[in-house]
Amino acid sequence: MSPEENKPTDFIREAVAEDLKSGRFNYVRTRLPPEPNGYLHIGHAKAFLIDYLIAKEFGGELNLRFDDTNPAKEETEYVEAIKEDARWLGIDWGGREFYASDYFDKLYEWAIALIKKGKAYVDDQTAEQVSKSRGTLTEAGVESPFRNRSVEENLDLLERMKKGEFPDGSRILRARIDMAHPNMVMRDPAMYRIIHEPAHHRTGNKWCIYPLYDWSHGQNDSMEGITHSLCSLEYEIHRPLYEWFLKELGVFQPRQIEFSRLNLTFAMMSKRKLRKLVEMKIVNGWDDPRLTTLRGLRRRGVTPAAILDFIKRIGVAKADSWIDMALLDSCVREDLNKHSLRRMAVLKPLKVVIDNYPEGQAEEMDAINNPEDPGAGARKIPFSKVLYIEQDDFRETPPPKYYRLYPGSEVRLRYAYFIKCTHIVKDANGEIIEVHATYDPATQGGDAPDGRKVKSTIHWVSAAHAKQAEFRMYDRLFTKENPDEGDDFTAFVNPNSLEILSGYVEPHLASAKAGDRFQFERQGYFCADPDSTPDRPVFNLTVGLRDSWAKIEKKQG
RNA sequence: UGGGGCGUGGUGCAACGGCAGCACACCAGACUUUGAAUCUGUGAAUCUUGGUUCGAAUCCAGGCGCCCCAGCCA
């Protein structure tokens, strides 16, 4: 595919191109506006990547700007975490890092200017009174009794609000627009509220009035010379206000364009509910691999490249939509298939004894590291008389279409020998504890000189050489496509979202470092967890391989 | 019954008045030292009614459905 064909087109890119062509703007600058009150999730990744890629495609730049206008909710801890996650995603803001709080002084000046124009006033009503007098969706609001105060009185009161003379909630500064406006956002929206405590994470106790989103965002965009302020659909009705403030102030007007946010099936994207999952200990922290937080995805083993590919594939539009989690899985598999080293790991071990293999003998088998990448080379893996294979790869009585090992069947041990099952040994409870087999020495490496075929190739590890390991098998966190819908999302938590298995890996894996990714052949992609110790590596299931046998088996009932 | 948006296969996105296409999912087959990957193929969609037009997913009008807005959150 040529770069030309690969170029995504969507209504936003079309609008940007058109603005450049018409001369409305002669450069492109976008912005990432996270609020430092929580960790980033894959929904943020969509927004971030749209901002970043569009700026890049049009030769423009990207500003990172923390939207820190509410000290009651925001903390420095999140600022650092957000930067770390954004960098991991591959976003480059070239040192252009700003804060809404950088502009508090200028904003205050502008508030004074609006008061002088008669476009803003201090309202002494309580929050409840303001709310009641706003009207409803179908009825106009009523004007505040304080709406027609003199400019002097408004100026005086705003200054005293700023000085901290009044308690929280006692007064607000409002824009003077139209209490009968059909768009509720335009009914004299609040601009400043009084907040004494806690101290702001950057400005400390300098301020006790803080701007609201509507009174801050557009002005910040304007000051930074943002050309395209891209945001999600819920801000569409705020656009008239965004434009109203800039027009009244007579300053540079960026263009706000809205797109639909990401909804992913079986995932939780609400910051509040994410927090609840963590606080209720339903998951083990913000980086729990079952979460679609960027930290969770990273710990799970998902790559930034897979996320980027995913975001490109889902496109940009305005329709409310739900993306199938299977698409993310597909992107992850595609990337990992190309890049991860193959290893053998037995998750649910079953002992196999090769009766005709000499006791005490061991040999080294050649194994390819990644058939998709010849440059990845090969390795040696030890083979001996006693092995572990996967419990699923043996059946005492095979169902139809079962190609693997069962009494009398012959299979290939990957990169080793053909073996034929002779008999099994059970314990007192009737559980199979050992499978006995004979091997064909002529099939060394896995090829039969007489040309005979086997239906199946299975993986194994040598019991004497294998390393014990823990496997954390993750499944979707919720049992419902949209857990956010309904009274209590915790009712839809999948009780089997984590299964911990104890098994064996080939010796090479003893040295796996946290974050290393592998494909365990015939199983799936795994990522070494930070909980790993030299004695006991821990691997997280990133995503399983496609499993057409599982489908056949399911159909058989 | 205010205002703002959105309706294309199961899901998501294209087609910008001229043969409705791509991806994921699904199903069937080929190949296979991973029942993986890869390859081939099948099925499956324009919310509805009317209008304009030689021709409408696209333009116009009405209807229906869904989403957002009554925070001193963002």
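Within every chain, numbering begins at 1; the chains are lettered A, B, ... in the order of the sequence lines, protein sequences first and strands thereafter. Because the structure is a prediction, the values reported are computed rather than measured.
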Worksheet entry | Strand-adjacent residues in residues 254-275 of chain A, judged by heavy atoms under 4.0 Å from RNA chain B | none
Worksheet entry | Stem list, RNA chain B (Watson-Crick or G-U pairing under 3.5 Å, at least 3 consecutive pairs) | B:2-7 with B:64-69, B:10-13 with B:21-24, B:27-30 with B:38-41, B:47-51 with B:59-63
Worksheet item: Parallel, tilted or perpendicular for A:F518 and A:F520, by the 30°/60° rule?
Response: parallel
Practice prompt. For A:E14, report the nucleic acid contact type (base, sugar-phosphate, nothing); a contact means any heavy atom under 4.0 Å.
Written response: base
Worksheet item: Distance between the C1' atoms of B:A36 and B:A30, in whole angstroms?
Response: 16 Å
Discussion item. Between B:C16 and B:G10, how many Å separate the two P atoms, rounded to a whole number?
Written reply: 23 Å
Practice prompt. Name all pairs fulfilling the salt bridge (charged side-chain N to carboxylate O under 4.0 Å, His left out) condition that reach into residues 174-199 of chain A, sequence neighbours left out, sorted by first residue then second.
Written response: A:D123-A:R174, A:R147-A:D188
Discussion item. Please report the distance separating the C1' of B:U42 from the corresponding atom of B:G3, rounded so that it comes out in whole Å.
Written reply: 48 Å
Discussion item. Within 45 degrees of the ring normal and closer than 6.0 Å to the centroid, is that where the cationic atom of A:R476 sits relative to A:F266?
Written reply: yes
Worksheet entry | First encountered from the 5' end of RNA chain B, between A:E334 and A:K401 | A:E334
Fill in: Modelled atom types, side-chain donor and acceptor of A:E521 and A:Q519, under 3.5 Å
no
Item to complete: Take atom CD1 of A:I177 and atom C1' of B:G3, then tell me their distance rounded to the nearest Å.
Response: 15 Å
Worksheet, complete the sentence: Expected label for B:G71 (glycosidic angle, syn inside 90° of 0, else anti) would be syn
Fill in: Heavy-atom closest pair, residues A:H201 and A:D68
NE2-OD2, 3.1 Å
Worksheet item: Would a line drawn from the ring center of A:F259 to the ring center of A:F11 be shorter than 6.0 Å?
Response: no
Fill in: A:R261 bridged to A:E234 by N-O distance under 4.0 Å
yes
Worksheet item: Taking atom P of B:A25 as reference, at what distance in whole Å does atom CZ of A:R476 sit?
Response: 13 Å
Item to complete: Would you classify A:S330 as touching base, sugar-phosphate or nothing, given that sugar-phosphate means primed atoms plus P, OP1 and OP2, and contacts are heavy atoms under 4.0 Å?
Response: sugar-phosphate
Discussion item. Classify A:V454 by what it touches in the nucleic acid, base, sugar-phosphate, or nothing, heavy-atom distance under 4.0 Å.
Written reply: nothing
Worksheet item: What interatomic distance, in whole Å, is found between P of B:A23 and the corresponding atom of B:G63?
Response: 40 Å
Worksheet entry | Where A:Y99 and A:K83 come nearest, the two heavy atoms and their spacing | OH-NZ, 4.4 Å
Worksheet item: Does atom NZ of A:K271 have more than 12 heavy-atom neighbours, drawn from other residues, nucleotides or ligands, at distances under 6.0 Å?
Response: yes
Worksheet item: Atom CD1 of A:I552 and atom P of B:G35: how far apart are they, to the nearest Å?
Response: 11 Å
Discussion item. Testing the basics here: between A:R414 and A:W460, what is the closest heavy-atom pair and its distance to 0.1 Å?
Written reply: O-NE1, 2.8 Å
Worksheet item: In terms of side-chain heavy atoms of A:Y402, which of B:A36, B:A28, B:G35 is nearest?
Response: B:G35
Discussion item. Nearest heavy atom decides the nucleotide; on that basis, is A:R546 or A:P371 closer to the 5' end of RNA chain B?
Written reply: A:P371
Worksheet item: Going by distance alone, is a donor N or O of one side chain under 3.5 Å from an acceptor N or O of the other, for A:D320 and A:S260?
Response: no
Item to complete: Looking at every strand, decide which applies to A:E521 at a 4.0 Å heavy-atom threshold: base, sugar-phosphate, or nothing.
Response: base
Worksheet item: Just to confirm, is there a sub-4.0 Å distance from OP1 or OP2 of B:C27 to any side-chain nitrogen or oxygen of A:K551?
Response: yes
Worksheet, complete the sentence: Under a 4.0 Å heavy-atom criterion, the protein footprint on nucleotides 63-74 of chain B, written with B, S and -, is ----S-BBSBSB
Worksheet item: Using the C1' atom in both, what is the distance from B:C72 to B:A15, to the nearest Å?
Response: 47 Å
Worksheet item: How long is the line joining OH of A:Y415 and P of B:U34, in whole Å?
Response: 8 Å
Item to complete: May I ask whether A:W322 stacks on the base of B:G12, given the cut-offs of 5.5 Å between ring centres and 30° between planes?
Response: no
Worksheet item: B:G2 C1' sits how many Å from A:M186 CE, rounded?
Response: 15 Å
Practice prompt. Output yes when at least one side-chain N/O atom of A:R522 is less than 4.0 Å from OP1 or OP2 of B:G35, else no.
Written response: yes
Worksheet, complete the sentence: In short, A:R379 meets A:I368 closest at the heavy-atom pair NH1-O, 3.2 Å
Worksheet entry | Distance-only donor-acceptor test, A:Q523 side-chain atoms vs B:U34 base atoms, 3.5 Å | no
Fill in: Pairs involving residues 124-134 of chain A, ordered by first then second residue, that meet salt bridge (charged side-chain N to carboxylate O under 4.0 Å, His left out) (sequence neighbours left out)
A:D124-A:R149, A:D124-A:R171, A:E128-A:K132
Worksheet item: Taking CZ from A:R313 and C1' from B:C13, how many angstroms apart are they, rounded to a whole number?
Response: 12 Å
Worksheet item: If you measure from the P atom in B:G62 to the same atom in B:G2, how many Å do you get, rounded?
Response: 14 Å
Worksheet item: Does the pair A:Y78 and A:F66 meet the rule for a ring pair (Phe, Tyr, Trp, His ring centres under 6.0 Å), with working shown?
Response: CA-CA 10 Å; A:Y78 295 120; A:F66 288 96; over 10 Å; no
Worksheet item: Under 4.0 Å: is that the gap between some side-chain N or O of A:T457 and OP1 or OP2 of B:G35?
Response: no
Worksheet entry | Student check: side-chain heavy atoms of A:H217 and A:R31 closer than 4.5 Å | yes
Fill in: Over-ring placement of A:K162 relative to A:Y108, 6.0 Å and 45° cut-offs
yes
Fill in: Nucleotide B:C13, atom P - distance to NZ of A:K312 in whole Å
18 Å
Item to complete: For nucleotides B:C27 and B:C66, find the distance between their C1' atoms and express it as a whole number of Å.
Response: 31 Å
Discussion item. What I want to check is whether an N or O donor and acceptor connect the side chain of A:R404 with the base of B:G35 at under 3.5 Å.
Written reply: yes
Worksheet item: When rounded to the nearest Å, what value does the distance between C1' atoms of B:G71 and B:A56 take?
Response: 45 Å
Worksheet entry | d(CD1, A:I311; C1', B:G12) in whole Å | 12 Å
Fill in: Phosphate OP1/OP2 of B:U34 contacted by A:R342 side-chain N/O (<4.0 Å)
no
Practice prompt. Using the six-membered ring wherever Trp is involved, compare the ring planes of A:Y213 and A:H238 and label them parallel, tilted or perpendicular (cut-offs 30° and 60°).
Written response: perpendicular
Got a list of protein N/O to nucleotides 56-59 of chain B N/O distances below 3.5 Å?
none

